[in-house]
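Note that the structure is predicted; figures quoted are calculated from it, not measured. Here is the naming used below: chain letters follow the sequence lines, and residue numbers restart at 1 for every chain.
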Amino acid sequence: MKLRATARLRALIPALALAGCTGWQSAIDVHGASAISLKHLIVVIMATCSVVWALVIATLIVALWRRREARESAIALDPRRQRRMTLAVGGAVAATVIVISAFTVSSFFTTRQLTAAGADDLTIKVRGLQWWWGVEYFGSKPELRFETANEIHIPVGRNVRVQLEGLDVIHSFWVPSLAGKQDLIPGRPNEITIRAERAGVYRGQCAEFCGLQHAHMAFFVVAEEQRAFEAWTALQRDNAVASSDAEVIAGQRVFLSRPCAACHAIRGTAANGKIGPDLTHVGGRKYIAAGLLETTRGSLAAWIADPQTLKPGNNMPMVPLAAEELRSVSAYLASLK
Amino acid sequence: MKERIVADVSRLSLHGTGSASTTWWGTLGFMLIEATGFALAIAVYLYLMSIAATWPTDAPTPDLLPGTLVTLTLIASVLPNYLVSQWAEREDLRKVRIGLVVMSILGIVPLIIRAFEFYALKVNWDTNAYGSIVWILLGLHTTHIITDLADTLVLAALMYTRHGRNRRRLGDVQDNAMYWNFVVVTWLPIYGCIYWIPRL
Amino acid sequence: MRDGETKRDIRDTDLDRPALEAALARIWNTPEGLWGALATVDHKIIGRRYVITAFVFLALGGVLAMLMRLQLAQPEARVLGPDRYNQIFTMHGSNMMFLFAVPVMEAVGVYLVPLMVGTRNIAFPRLNAFSYWIFLAGGALLWISFVLDMGPDVGWFAYVPLSGPQYGFGKRADIWAQMITFTELSALAVSVEIVVTILKQRAPGMSLDKIPLFVWSMLVTSFVVIMAMPAIMIASSTLILDRLVGTHLFNPAEGGDVLLWQHLFWFFGHPEVYIIFLPAVGMVSTMTATFARRPVFGDLAMVMALIATGILAFGLWVHHMFVTGLPRLGESFFTASSMAIAIPAGVQIFCWLATLWDGKPIFKTPLLFVIGFIVTFVIGGLTGVMVASVPFDTQVHDTYFVVAHFHYVLIGGAVFPLLGAIYYWFPKITGRMMSESLGRSAFWLIFIGFNMTFFPMHILGLQGMPRRIYTYQPDMPWHDLNLFVSVSSLILVAGFLLFFFDAIRSARRGLPAGDNPWDAPTLEWATSSPPPSFNFSYIPVVKAANPLWEQPDVLAVAGGLRINSRELIISTVASAEPEAREASPRNSIWPFVAALATTVMLISSIFTPWAVVWGSIPIVVALIGWFWPKGTPEDES
Ligand code: HEA
Ligand code: HEA
Ligand code: CUA
Ligand SMILES: [Cu+2]
């Protein structure tokens, strides 16, 4: 069983490489308002520093290899040359002061520019857990609230306030193509504003070391046009619809009768566990297990069959299932679009 | 390399006192370390207070009596402490011996009252962060008293042996006295923190 | 007493040279054998031991680094599992910082400072012996736990709650915290010794303006240690309390605070990096002067820069916490203060450049390392200035960009000077030269290998690669660079291996060095190589900042010390006027016993808080044994 699962995982890997992502996880391939101004700042500061470095090295080279007249002894110093050197060093220090003052001021203004969230912005809440992300959307009415996991949809061109809540240890919310990062700290709610300028799928990853599976704690931000976004929210709000397919129905029965329901919620069924990700629409999400595997029936089956081999140490135990049960439960989950 | 003798140090006194002695500077160095430690512990107290909704958190304000008694004993001990230092300076071994016995007692008394202080806090170290930090502050200072008391006891014993009559040992007595003053001085801000800040 | 003293008294002026040296050797030498090795208080023996131990930790830490590079060379590699990887990077960081970088700088100070200020032994020699044993015990604790699969796995700054009672399982985080207690205890003790040695034991005439720059750097460093290390002692002790007896300082559910840990840690952690860097600055200044054949330009400015860095170091800690959501205005303050560090750093760089400009550089291996230092440290410093900008840092914090920054400053800024310093002082310590040709090859391998290994990490960081990940997925665009980095690190290791080989070989078979092979100006070169146990036959008298350049042939000295007991000169703080003669303690086994007792107490206290109570009893006994007078002339005078 275990062997089969890993073999299946191997087969998946090439498929993953093709996964269509426009803005990959990069601070220089930027598609969000904040990330764009950050990139400006980064480029300006780096360019200036490169010049500073080049000047230092040029001076060093000349200092080492310039021709010089012999001196009597180590301590016979030429007072005129000393004075000139004092001036040169003084000038360089003055230049340093100017450069760092400029850096400080431009950093200050860049920061001010970033934190510009308005009152009518879309607000969502993101929770960090070892090692996945819980996402909560609100609406004007309590019924409009819904939860999902590891995938955030946002409308293009609109500020989104992301409230950050750390539930166990510290994590850090980071989608470099859209904005800088911000920590999720237990006991200290935080907030960050993101805004995508172009539609696309942007990868994010937990940036603060949070234990065994810190490496596999990714998520995706899907930025889409307002219409598509609204359609998505409408879909997400709905309960899970179980199709009439026999295998799917069997799968649901397995899910509800096994420990799965104690940890996972599937709205519209009796399952309302809070320990693991909400699975109401898991089949419609691009990846499972916080960016580990692209969502397919096969990957779901591989995951459920042996989560500890795929993501060692994660908080989902291996629940022993017969081959038949495994097939049906993965069919069921895959059907939850 | 050839050497040329240009200075004669043979007439210098053997073993300086005060700032001419390395022990004095060493004691100062360790006092600086400990003072930084105490300052940080107090900073932690104030930090926790600044983020707490109520202070003291889920506990009554601590009782004043034992803490104040300790404070008074400590302050009172400064005078004999000063005298011991003076006697050591004048190499009056007989008085130093008596003084050190007195100082040992003055080290034990606050420790006995200290035991009641922990009750007077009216909170446990594992109740909440407030309880933890007051216990830590009190614990730190108690260790402080115990260390100096141990030092005083050893010195007192030493003074009754043949090693007592010695400039160097008497210098140690003076350094020990300096350290005791430090123990007293560090207590005052801690006392203020634990007992008076919650009353403000 | 007086009478007896004059009768027994023999002064150094009473004897001719060979008799004097024999008499001094009789009183100062460390006896052969195990007992002598355990009881010695000679700062040179202890310093050498300290340096060698620290280099062993460097090699061990380097092996861990290679394991990490092996794992990261390919996506989803299975060389190491997440649990082992986390232990390994934590061990690598903690080992490099607490067991290698800080101790090695202290160690060089322990060896050199007494020689450079012209005294016979460090102040509080027994404390010095104690601090070495405690350091060794801390290192052993960490490594033995690692071998037993109990190594800490929470990163070198052990953030709570991950390291707290709820999430840090087993004893791993406790072992980290207690290792901290050991090494900081030892560093604090050494710092007090160095401060007192510098303030009170300088050779007559070595007024403040004549103190060598390396000694200044050790003085400032020691003060930084004294003010910074208490923070980590408090942090590690309270972490253990939270874990062991249920206090709640870091538990937000009970009024504690998670960020409190970060404040405490970085209040120490930032100064820590200057504790590593400032001695390196001192080494660079020393070597630059010797090989540029002129005193360092602007030595007053250099001293001011050292002091300014030491003071500013305490106002920067929040720059490690820029993404924790602290108030923006406060963060801007820390941007400004962090950037301000560039001023003293700039002053130093510019003064070295001026020195080289005006001097007549001689390209020996130590100078090569100095040049390598300038090239790489400036890169590291400039990336430091970059991450000091809050908005910039929100993109690169906790990525490989920061990993690149700190390896540039740690290796480029501190290890390069250290390696240069080993080449430079090796002849003094062993009496033999290291190989110039192997030295050059080692330098180039290390310099090229280093840049090839760590430069690409900047790009990886900007490409979004977080640090502390045990693996990454094949579809991330990081694999080529990671493979490149891993392969390049082999060049770096080859360079280190060559260096180790050269050092070990030269210690036995290097060319004899003579007293002053580099024609250097400072006092440690005024005595033989290796120096005798008593350092100087007569205590030097200093009249100039570069005594051996001002007066190359004769050494002015002071006479009149007793030689039938260990004696040295105490001088005034500012002008170094001789003030008193002082006895210096003899060898003693008690520091070793006390260290053993302390070790038992500290390690047991990981398992039961009561160990603090019963464990203190042997410590008290050992301390009484240590301080109780034994009736030697040193005790009784
Ligand atoms: C020897 C060690 C050392 C040294 C010397 C430095 C030096 C500096 N460091 Fe570094 N730093 C570390 C070791 C060191 N650091 C470590 C270990 C970490 C990571 C810890 C961890 O997270 O694990 C770290 C992390 C770190 C951070 C946190 C980054 C993050 O986690 O996101 C920051 C942020 O401000 C920073 C800033 C600086 C600055 C401003 C300097 C300055 O002192 C640099 C000054 C020098 C220069 C600027 C170059 C010379 C000057 C000139 C040539 C003049 C001209 C210059 C200008 C015009 C700008 N460092
Ligand atoms: C002075 C400190 C120092 C030094 C010298 C080094 C040296 C090296 N470091 Fe280190 N590193 C840190 C301090 C240091 N590091 C710190 C503080 C961290 C952060 C940890 C954390 O996140 O908690 C870190 C993290 C760190 C990471 C990031 C890990 C992660 O985030 O997942 C990486 C990755 O490549 C790395 C690599 C290397 C490499 C390749 C070297 C190379 O330079 C090593 C070169 C090799 C040698 C020095 C050994 C040579 C000798 C031998 C091979 C044995 C021969 C034996 C004998 C002769 C007896 N380091
Ligand atoms: Cu969550 Cu790293
Ligand atoms: Cu820092």
Side-chain angles (χ1 to χ4, degrees), chain A residues 13 16-17 19 24-28 38 41-42 45-46 49 52-53 56-57 59-60 63-64 68 71 74-75 77 81 85 88-89 92-93 96-97 100 103-104 107-108 110-111 114 168-170 172 176 180-183 185-188 190 205 207-215 312-313, chain C residues 81-83 155 159 161-162 167 252 257-259 293-295 297-298 323-325 328 332 335-336 339 342-343 346-347 349-351 353-354 356-358 360-361 374-375 378-379 382 385-386 389-392 394-395 397-398 462-464 466 468-475 477 546 549-550:
Chain A
I13 288 173
L16 287 178
W24 201 239
Q25 179 178 314
S26 164
I28 34 190
L38 290 177
L41 184 79
I42 290 175
I45 292 188
M46 280 192 161
C49 286
V52 171
W53 184 76
V56 170
I57 299 311
T59 319
L60 175 67
L64 289 173
R68 57 199 95 211
R71 267 213 327 261
I75 43 181
L77 305 176
R81 165 112 36 77
M85 276 161 39
V89 169
V93 173
T96 306
V97 173
I100 59 170
F103 285 176
T104 309
S107 302
F108 184 71
T110 309
T111 312
L114 296 183
D168 38 35
V169 301
I170 305 177
S172 195
K181 60 182 75 65
Q182 188 72 256
D183 286 353
I185 304 176
R188 285 192 170 249
N190 265 336
Q205 187 165 359
E208 179 65 58
F209 177 63
C210 52
L212 284 175
Q213 283 299 334
H214 164 62
Chain C
D83 184 54
Y159 276 1
L162 192 59
Y167 299 95
D257 185 43
V258 169
L259 284 191
R293 311 300 310 149
R294 60 151 285 163
F297 172 79
V323 300
T324 56
R328 283 294 172 209
S332 300
T335 291
M339 298 252 177
I343 300 171
V347 167
I349 294 279
F350 304 144
C351 286
L353 288 178
L356 291 169
W357 185 287
D358 188 50
K360 198 165 178 352
I374 295 179
V375 175
V378 172
I379 297 181
L382 290 170
V385 166
M386 296 178 197
S389 153
V390 177
F392 195 122
T394 61
Q395 281 290 27
H397 173 69
D398 270 336
L462 290 170
Q463 286 182 342
R468 297 174 162 183
I469 52 173
Y470 77 100
T471 191
Y472 49 93
Q473 282 157 281
D475 44 346
N546 297 288
W549 278 349
E550 307 273 348

Heavy-atom pair count under 4.5 Å with chain C, highest-scoring of [options]:
options                      : answer
A/Gly211, A/Cys49, A/Gly313  : A/Cys49
A/Gly187, A/Pro186, A/Ser172 : A/Pro186
A/Thr96, A/Ile28, A/Leu60    : A/Leu60
A/Val97, A/Val93, A/Ile42    : A/Ile42

Where does [X] contact chain C at under 4.5 Å (heavy atoms): side chain, backbone, both or neither?
X        : answer
A/Gln182 : both
A/Ile57  : side chain
A/Thr59  : both
A/Ile185 : side chain
A/Leu38  : side chain

Using a 4.5 angstrom heavy-atom cutoff, name the option from [options] with the most pairs to chain A.
options                                : value
C/Pro391, C/Gly298, C/Pro466, C/Pro252 : C/Pro391
C/Asp83, C/Ile379, C/Asn546            : C/Ile379
C/Val378, C/Val390, C/Ile349, C/Thr335 : C/Val378
C/Pro161, C/Gly81, C/Cys351            : C/Pro161

Checking [X] against chain A: side chain, backbone, both or neither under 4.5 Å from a heavy atom?
X        : answer
C/Val258 : side chain
C/Pro82  : both
C/Val385 : side chain
C/Tyr472 : neither
C/Tyr159 : side chain

Distance in Å, [X] [atom1] paired with [Y] [atom2], rounded so as to fall on 0.5 Å steps:
X        : Y        : atom1 : atom2 : value
A/Leu41  : A/Leu114 : CG    : CG    : 9.0 Å
A/His214 : C/Arg468 : NE2   : CZ    : 8.0 Å
C/Arg294 : C/Trp549 : CZ    : CH2   : 9.0 Å
A/Ser26  : C/Gln395 : OG    : CD    : 8.5 Å
A/Ile170 : A/Glu208 : CD1   : CD    : 5.5 Å
C/Tyr167 : C/Leu162 : OH    : CG    : 9.5 Å

Exercise. Under 3.5 Å, is there a donor-acceptor pair between the side chain of A/Gln205 and the main chain of A/Ala215?
Worked result: yes
For this session: For A/Lys181 and C/His397, indicate whether the former's side chain and the latter's backbone hold a donor-acceptor pair under 3.5 Å.
Result: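 It does hold such a pair.
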Problem set entry | N-O pairing of A/Asp183 and A/Arg188 below 4.0 Å | no
Exercise. Charged N to carboxylate O below 4.0 Å: is that the case for C/Asp358 and A/Arg81?
Worked result: yes
For this session: I would like to know whether A/Met46 and C/Leu462 meet side-chain contact (heavy atoms from CB on, under 4.5 Å); could you show each step before the answer?
Result: CA-CA 12 Å; A/Met46 280 192 161; C/Leu462 290 170; 3.7 Å; yes
